[in-house]
Each structure stands twice: as structure tokens, then as C-alpha cells.
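These notes are about the structure you will find just below.
Fair warning: this is a prediction, and the values are worked out from it, not measured in the lab. Only this structure's heavy atoms are used, side chains among them; waters, hydrogens and symmetry mates stay out. This chain uses plain numbering: 1 for the first residue, then up along the sequence.
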Amino acid sequence: MLGQLVVIAGPDQGKVFPIRDGQTLVLGRGLASDTLINDPHMSRVHCQVQADGGRVWLSDSNSSSGTFFRNAKIQKVELSWGGVFQVGESQVRYQSNTAPDEPTMRGTPFQIPPANANATAPLKSLVGTTISRYRLDSIIAEGSTSTVFKGFDTEKNRVVAVKILTPDPSQTEEQMERFVRAMKTMMPIRHPNIVRLYYAGKLGPYCWAAMEYVDGENLAEVIKRIGVRGMLEWKEAFRVAVHICRALEESYQQKIIHRNLTPANILRRHQDKVSLLGDLMLAKATEGKLAKQVTQPGQIMGDLSYLSPERTRDDANIDHRSDLYGLGATLYALLTGKAPFENLSLLGLVKMIRDDVPVKPKEFQLSIADRFQDAVMQLLMKRPEDRYQTPDALMRDLERIAQYNNIPMD
């Protein structure tokens with residue numbers, strides 16, 4: 001036996017059809033098909049899957065609603081392991097004879113509407129649908145490479161956030177499976193200052209992750225809001241430093257580099273003002289073509305102001321000290337109301353990040369403790385070896401600052 005076709009969504013979800021080399025399997029709902037799939041939106045003879053010399057081909061049989069693969073209507077396409085195609089309201093996966101990894105598919109996934117079945121369809125069209133056990137209720141944020149939905153876990157009865165990466169026609173099944181494997185390695189991580197990952201998977205052209213919903217605002221929104229008066233009281237910024245330093249210590253122990261620590265990726269909960277580092281679970285999936293989606297979830301100009309000097313040169317050989325720089329740049333913006341460097345020219349901004357020394361925060365807010373200012377400026381040193389070398393080294397300094405200024409470390 002070469003493999004099998006498994007109906008993973010639709011009225012006959014769970015049906016399995018073995019396929020052998022040299023065999024042509026006709027899919028449809030009529031008696032002339034080899035499958036008799038109970039889907040009223042399929043044609044009686046809808047499509048066929050042909051195995052020939054170890055290669056497997058999917059071709060449409062002039063069906064009324066079309067056959068879709070990777071969100072595009074096809075006439076004929078070669079299937080590889082894990083390939084998912086849609087016929088009517090049913091989705092079918094070509095796989096080996098062993099059971100698929102559980103996190104890649106579970107429950108009743110959303111149905112891709114034929115009208116939107118193309119790789120450029122906006123993700124907002126998924127509002128009101130369900131992926132795995134997560135109902136997508138509304139959009140929290142939209143970016144060029146992903147959309148975050150406010151959702152609901154129908155099994156656990158809790159509100160969640162679901163991030164779906166924008167489909168890329170150049171993605172391969174292997175790259176998407178790599179994303180899922182990376183997500184699975186992050187699921188056991190539990191930390192009060194890291195947004196928790198609940199579940200992740202892939203469906204057709206979509207890679208997605210369901211995570212803890214934080215009722216609050218990201219620090220980019222905080223900086224924009226306080227821009228009217230220009231700064232956040234330094235003790236509040238200090239508390240952010242403590243919380244995110246703890247998150248970075250956990251990521252350091254797990255040997256994970258965030259790669260995009262910016263104000264937009266730090267959430268501040270309304271209820272208790274606790275700060276949580278977001279998108280850490282996506283940082284693990286930084287191989288292949290998914291790396292750009294994972295590590296650059298916004299417009300480059302928006303993120304560039306918070307990049308370390310070494311990241312403006314080469315993103316391949318950075319380490320955790322680049323994340324520490326990102327924390328320093330974020331704290332600087334909280335204290336002053338703006339990023340350490342600003343320039344209308346991309347080249348001008350890169351030059352400033354590499355060569356210039358930022359104005360000290362006390363020029364904007366005189367009340368800042370000298371030692372805290374020194375810590376922020378050390379985080380912003382140009383050479384990684386001149387910064388704090390570990391999050392723990394930074395935490396020791398923060399503890400001394402808290403003790404000297406009689407402020408709690410909570």
C-alpha cells in the first residue's frame with residue numbers, strides 16, 4: 001500500500017481510503033466513484049487521485065464547484081505527504097498509513113469558502129469559522145504576515161487568541177510541518193511573563209497557533225497613548241523591565257532567541273499591569289521561508305527602530321544579547337515617549353543605530369533613578385559584549401536598583 005486518503009473535514013470526516021501504486025481512485029458522491037463521500041456540495045464524479053511509480057497526482061474531473069489545493073483551484077497537481085485538498089465542503093489529506101500528529105488537526109476545522117479560495121484572500125474572511133476546537137469571533141490585530149483573532153475554545157470554555165500566518169504560495173508541506181514541530185516544542189513552557197501557547201497546527205495553506213488571551217494592550221499602544229505627555233513614570237517602566245527580564249531568563253534557559261523584541265510584542269494586562277512577552281513560541285520556528293513571517297510580524301520601519309546594531313547587518317548569527325538590546329530600546333521608549341533613534345530615511349536610521357549614542361533618558365524625565373538609566377544605557381551598547389551578558393546579570397542589577405529605591409520586585 002502506497003498511502004491513504006483521510007477525510008479530515010466534512011460530513012464524512014474520519015473516512016479512510018487506501019491507495020496503491022498503479023491505482024486511480026475516483027472521488028465523488030455518486031455510484032460511479034470509488035468513495036461515495038456523503039457531501040452534497042461534491043459532484044458525483046468530482047476528482048481523481050492517481051498513484052503512478054511512487055508519485056501521486058490529484059486532478060479535477062470537471063466538477064461543478066472545483067478542486068482546491070493550497071487555496072487555489074487546480075486542474076492537476078502532484079501530492080506529497082501531508083497534502084490537503086478541498087472538494088465541496090470536505091477536506092482530504094494524503095498521508096502515510098500511520099496516524100497523523102495530533103496537534104496538526106483535531107475536531108472540525110473551518111471550511112474554506114470557494115469564493116475565497118485563493119492564496120491572496122484576506123484572513124478576515126475567516127471570522128465566524130472554526131479551526132480545530134477554536135471559534136474565530138473577531139479580529140484583534142492585522143499585519144502584513146499574520147492576523148490575530150479573538151477566539152473561543154469550545155472544549156475548555158475559555159477565550160483565546162488565535163494567530164494565523166498569511167498563506168504564502170511558496171510554502172512547502174515540509175516547511176509547514178516544521179512550523180508545527182516548532183510549536184509542539186514550545187507547548188510545555190509555562191511562565192507567568194510569557195504568553196502561553198495552548199495548541200498549534202496547520203490546515204491547507206494555514207499555519208496557526210492558539211494562545212492565552214491577554215486582556216490588555218501592547219506597549220506600542222502604551223507608548224502611543226502616553227505620547228501626549230511624553231513618557232511613562234519610571235517606576236512603571238522599571239516594573240516592565242523586571243517582568244520581561246524574567247521572561248528572557250526563561251527563554252535563555254530554553255535556548256530560544258526571540259529575534260523581534262519590540263513594544264508591539266509585549267502585552268500589559270489591564271487587571272494587574274503585569275507584562276507578558278508575546279510571540280516567543282513563534283521565535284522557535286525560524287527556519288526556511290517561514291522565518292520572515294515569524295520574526296518580522298510588522299512593517300520593517302516599525303520594527304527597525306528597536307533592532308540591535310548587529311541585526312541591521314546579519315540576522316543569522318545573533319544571540320540572546322540582541323533580545324536584551326530590544327528590551328533596552330523598549331524601556332527607552334517608555335521613559336522618553338520615542339525610540340532611541342528616529343530618522344525619516346531608512347539608511348539614516350540604520351546608520352544612527354550602528355554609530356550614534358542615544359540621548360540619555362534623564363534629559364526627558366529628570367526623576368529617573370541614575371542606576372536605572374545606567375542599566376537602560378548598558379542594554380543599548382553597540383557591541384553585544386558591552387551589554388549585560390545574560391538576563392540573570394541584568395536581574396541582579398534590577399534587584400539592587402529596587403533595594404536602593406525601596407520599590408517592590410513584583
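One finds the CD atom of Glu363 at 8.0 Å from the CD atom of Gln373 (value rounded to the nearest 0.5 Å). Interatomic distance, Asp153 CG to Arg135 CZ, rounded to the nearest 0.5 Å: 10.0 Å. Between Ile368 atom CD1 and Glu233 atom CD the span is 9.0 Å, to the nearest 0.5 Å. Within the model, atoms CG of Asp60 and NZ of Lys73 stand 7.0 Å from one another, a figure rounded to the nearest 0.5 Å. Once rounded to the nearest 0.5 Å, the distance linking CE of Met42 with OG1 of Thr35 reads 5.5 Å. Rounded to the nearest 0.5 angstrom, Leu307 CG and Asn260 CG are separated by 7.0 Å.
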### Task
Please test Thr330 against Leu219 for side chain to side chain contact (heavy atoms under 4.5 Å, CB included), starting from the C-alpha separation and ending with a verdict.
CA-CA 8 Å; Thr330 297; Leu219 293 191; 3.9 Å; yes

### Task
Verify side chain to side chain contact (heavy atoms under 4.5 Å, CB included) between Asp410 and Arg239, making sure each step is shown before the conclusion.
CA-CA 7 Å; Asp410 61 354; Arg239 191 166 186 240; 3.3 Å; yes

### Task
Would you please test Asp356 and Lys351 for salt bridge (Lys or Arg N to Asp or Glu O under 4.0 Å) and show each step?
CA-CA 8 Å; Asp356 293 1; Lys351 187 178 186 305; 5.2 Å; no

### Message
Determine whether Leu136 and Val127 satisfy the following criterion, side chain to side chain contact (heavy atoms under 4.5 Å, CB included), listing intermediate values before the conclusion.
### Response
CA-CA 5 Å; Leu136 307 179; Val127 171; 5.6 Å; no

### Task
Determine, step by step, whether Arg55 and Glu78 satisfy the salt bridge (Lys or Arg N to Asp or Glu O under 4.0 Å) criterion, reporting the C-alpha distance in whole Å, the side-chain angles of both residues, the deciding distance to 0.1 Å, and the verdict.
CA-CA 7 Å; Arg55 303 177 72 179; Glu78 184 175 3; 2.8 Å; yes

### Query
Going through the checks in order, is the side chain to side chain contact (heavy atoms under 4.5 Å, CB included) test met by Met395 and Met409?
CA-CA 10 Å; Met395 183 59 72; Met409 290 282 292; 3.6 Å; yes

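The salt bridge (Lys or Arg N to Asp or Glu O under 4.0 Å) search around Lys150 returns none, not counting sequence neighbours. Residues satisfying the side chain to side chain contact (heavy atoms under 4.5 Å, CB included) criterion with Asp397, sequence neighbours excluded, are Tyr388, Arg400. Residues meeting the salt bridge (Lys or Arg N to Asp or Glu O under 4.0 Å) test with Glu217, sequence neighbours left out: Arg225. Arg354 meets the salt bridge (Lys or Arg N to Asp or Glu O under 4.0 Å) test with no other residue; sequence neighbours excluded.
In this structure, Gln91 contributes its side chain and Glu89 its backbone to no donor-acceptor pair below 3.5 Å. Not a single donor-acceptor pair under 3.5 Å links the side chain of Gln271 to the backbone N or O of Gly216. Side-chain N or O atoms of Arg133 include none that pairs as donor or acceptor with a backbone N or O of Glu155 at under 3.5 Å. Judged purely by atom type and a 3.5 angstrom limit, Asn265 has no side-chain atom pairing as donor or acceptor with the backbone of Asp279. Distance alone, capped at 3.5 Å, places no donor-acceptor pair between the His258 side chain and the Ser322 backbone. Panel note: side chain Asp272, backbone Val274; a donor-acceptor pair is recorded below 3.5 Å. No donor-acceptor pair closer than 3.5 Å links the side chain of His191 to the backbone N or O of Arg196. Side-chain atoms of His46 come within 3.5 Å of backbone N or O of Gly66 as a donor-acceptor pair. Between the side chain of Trp57 and the backbone N or O of Lys76, no donor-acceptor pair lies under 3.5 Å. The backbone N or O of Gly88 lies less than 3.5 Å from a partner atom in the side chain of Gln86, making a donor-acceptor pair.
Counting only residues at least two apart or on different chains, the salt bridge (Lys or Arg N to Asp or Glu O under 4.0 Å) pairs with a member in residues 367-384 are Lys362-Asp370, Arg383-Glu385, Arg383-Asp386. Note on residues 323-332: no pairs pass salt bridge (Lys or Arg N to Asp or Glu O under 4.0 Å), not counting sequence neighbours.
In this structure, Arg158 forms a cation-pi arrangement with Tyr198, its terminal cationic atom sitting closer than 6.0 Å to the ring centre and no more than 45° off the ring axis.
What you find for Thr336 and Pro361 is that their closest heavy atoms are CG2-CA, 3.9 Å. Closest non-hydrogen pair, Leu248 versus Leu327, comes out as CD1-CD2, 4.1 Å. Nearest approach of Asn193 to Ser275, heavy atoms of both residues: ND2-O, 3.0 Å. Across Asp319 and Ile257, no two heavy atoms sit closer than the pair CA-CD1, 3.6 Å. Taking each heavy atom of Leu126 and Phe149 in turn, the nearest pair found is CB-CZ, 4.3 Å. Contact record, Leu331 with Ala237: CD2-O, 3.4 Å, taken as the closest heavy-atom pair.
Looking only at side-chain heavy atoms (C-beta outward), Asn405 and Phe238 stay at 4.5 Å or farther from each other. Leu58 has its side chain within reach of Cys47: a pair of non-hydrogen atoms, C-beta onward, lies under 4.5 Å apart. Two residues are said to be in side-chain contact when any heavy atoms from C-beta on lie closer than 4.5 Å; Val359 and Tyr332 meet this criterion. Inter-residue side-chain proximity for Leu197 and Ile189 is flagged as unmet; no heavy-atom pair is nearer than 4.5 Å. The side-chain heavy atoms of Asp12 and Asp39, taken from C-beta on, include no pair separated by under 4.5 Å. The shortest distance between side-chain heavy atoms of Ser305 and Pro340 does not fall below 4.5 Å. Within the 4.5 Å cutoff, the side chain of Leu379 has no heavy atoms near those of the Arg387 side chain. Lys273 places none of its side-chain heavy atoms less than 4.5 Å from the side chain of Glu236.
Under 3.5 Å, the side chains of Ser43 and Ser63 contain no donor-acceptor pair of N or O atoms. For the residue pair Glu249/Gln253, the side-chain donor-acceptor check at 3.5 Å is satisfied.
Using bins of under 30°, 30° to 60° and over 60° for the plane-to-plane angle, the ring pair Phe372/Trp234 lands in the tilted bin.
Only one option out of Thr129, Val162, Thr154 pairs with Tyr134 in a side-chain contact (heavy atoms from CB on, under 4.5 Å); it is Val162.
The number of heavy atoms from other shown groups lying within 6.0 Å of CD (Glu342) is above 12.
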